[in-house]
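Residues take their numbers from the sequence shown, with the count starting at 1.
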Amino acid sequence: LGLRPKRTLRLVLWTAEEQGGVGAQQYYQFHKENISNFDIVMESDEGTFRPSGLGFTGNAKARDIVKEIMTLLQPINVTDVYDNADGTDIDYWMRDGVPGASLRDDLSKYFWFHHSQGDTMTVQDPNQMNLCAAVWTVVSYVIADMEEMLPR
């Protein structure tokens with residue numbers, strides 16, 4: 001589409017979340033000196049089932065902005081903003097004041113597959129994955145394209 005936000009979007013994939021979060025910890029250690037440049041940290045750790053919204057940790061002004069952004073997702077009925085983002089991979093940043101978001105979705109089938117031999121891409125529902133991707137795309141792009149960073 002030729003879209004280019006005002007600020008950089010960074011997608012980070014690392015390992016060892018289940019082994020004490022060492023990947024997230026190392027990334028944080030390497031980049032914490034630039035923490036003032038981080039607008040928001042987001043994590044998806046509940047699978048890619050039908051999303052309902054975002055858990056959010058940040059101040060009231062930032063929450064109001066995120067709620068407004070989530071209204072853009074009304075056509076796919078994913079507009080809720082819940083209290084408290086959480087996740088091993090973003091906790092370091094949120095403790096240092098960076099706003100954080102966690103995807104909230106339908107966990108009813110999560111443990112059917114999680115950490116089992118059935119935990120493969122073949123069990124993914126492409127439509128539900130697309131909805132999850134839409135949430136992250138809209139939220140991350142809009143935040144990166146705002147004139148100002150999210151308030152802290």
Side-chain angles (χ1 to χ4, degrees), residues 3-73 76-111 113-116 119 121 124-125 128-152:
L3 300 174
R4 185 177 205 94
K6 293 176 178 68
R7 289 183 297 287
T8 300
L9 293 170
R10 185 181 294 182
L11 172 67
V12 182
L13 304 170
W14 50 70
T15 59
E17 188 258 349
E18 301 291 347
Q19 291 77 34
V22 295
Q25 182 181 28
Q26 185 173 28
Y27 186 84
Y28 171 78
Q29 291 300 325
F30 286 158
H31 298 283
K32 67 182 180 182
E33 69 274 2
N34 295 316
I35 199 165
S36 64
N37 295 329
F38 283 74
D39 213 341
I40 189 169
V41 290
M42 303 184 296
E43 177 175 356
S44 181
D45 194 28
E46 295 181 355
T48 52
F49 301 103
R50 173 114 180 94
S52 60
L54 294 179
F56 181 76
T57 296
N59 70 31
K61 287 181 182 180
R63 177 176 295 282
D64 288 344
I65 292 168
V66 170
K67 284 181 178 180
E68 183 68 24
I69 293 168
M70 293 300 287
T71 65
L72 297 171
L73 294 163
I76 62 170
N77 198 31
V78 183
T79 58
D80 290 334
V81 178
Y82 304 95
D83 289 339
N84 301 322
D86 57 359
T88 302
D89 295 329
I90 61 175
D91 282 342
Y92 296 105
W93 303 95
M94 291 188 306
R95 279 195 296 260
D96 280 351
V98 177
S102 306
L103 186 66
R104 297 285 189 254
D105 57 29
D106 177 10
L107 292 175
S108 63
K109 296 179 183 176
Y110 184 77
F111 285 106
F113 308 109
H114 184 64
H115 293 303
S116 75
D119 197 352
M121 288 300 293
Q124 298 293 313
D125 179 322
Q128 291 180 8
M129 281 184 67
N130 286 341
L131 292 173
C132 293
V135 173
W136 287 130
T137 301
V138 168
V139 172
S140 61
Y141 183 87
V142 170
I143 290 173
D145 200 47
M146 294 185 330
E147 290 298 324
E148 303 289 330
M149 290 177 65
L150 283 176
R152 294 200 183 175

**Report entry** For the student: nearest non-hydrogen atoms of Glu43 and Asp45, plus distance
**Finding:** OE2-CB, 3.3 Å

Query raised in the report: How many angstroms lie between atom CG of Asp145 and atom CG of Leu3, to the nearest 0.5 angstrom?
Result: 8.5 Å

Query raised in the report: Are the side chain of Asp39 and the backbone N or O of Leu150 linked by a donor-acceptor pair below 3.5 Å?
Result: yes

Query raised in the report: Which residues satisfy the side-chain contact (heavy atoms from CB on, under 4.5 Å) test with Glu68, sequence neighbours excluded?
Result: Thr71

Query raised in the report: Parallel under 30°, tilted from 30 to 60°, perpendicular over 60°: which one fits the rings of Phe38 and Trp93?
Result: parallel

Report summary line: Heavy-atom nearest pair, Ile76 first then Ala134, reads CD1-CB, 4.1 Å

Report summary line: Between Leu103 and Ser44, the two heavy atoms sitting closest are CD2-OG, 3.6 Å

Query raised in the report: For Met146, does its backbone N or O pair with a side-chain atom of Arg7 as donor and acceptor, under 3.5 Å?
Result: yes

Report task. Measure the shortest side-chain to side-chain distance between Gln128 and Thr48 over non-hydrogen atoms and say whether it is less than 4.5 angstrom. Result -> no

**Report entry** Asp86 versus Arg104, closest heavy-atom pair with distance
**Finding:** OD1-NH1, 3.4 Å

Report summary line: For Met70 and Leu54, the nearest pair of non-hydrogen atoms, with its separation, is SD-CD1, 3.7 Å

**Report entry** Gln29, CD: over 12 other non-hydrogen atoms inside 6.0 angstrom
**Finding:** yes

Query raised in the report: Is a side-chain donor-acceptor pair under 3.5 Å present for Tyr82 with Ser102?
Result: no

Report summary line: Hits for side-chain hydrogen bond (donor to acceptor under 3.5 Å, both in side chains) against Glu147, two or more places apart or cross-chain, chain-then-number order -> Lys6

Query raised in the report: Would a distance-only check, ignoring hydrogens and angles, find a side-chain to backbone donor-acceptor pair under 3.5 Å from Asn59 to Arg152?
Result: yes

Query - Minimum heavy-atom distance Val41-Met94, with the two atoms named - result: CG2-CG, 4.2 Å

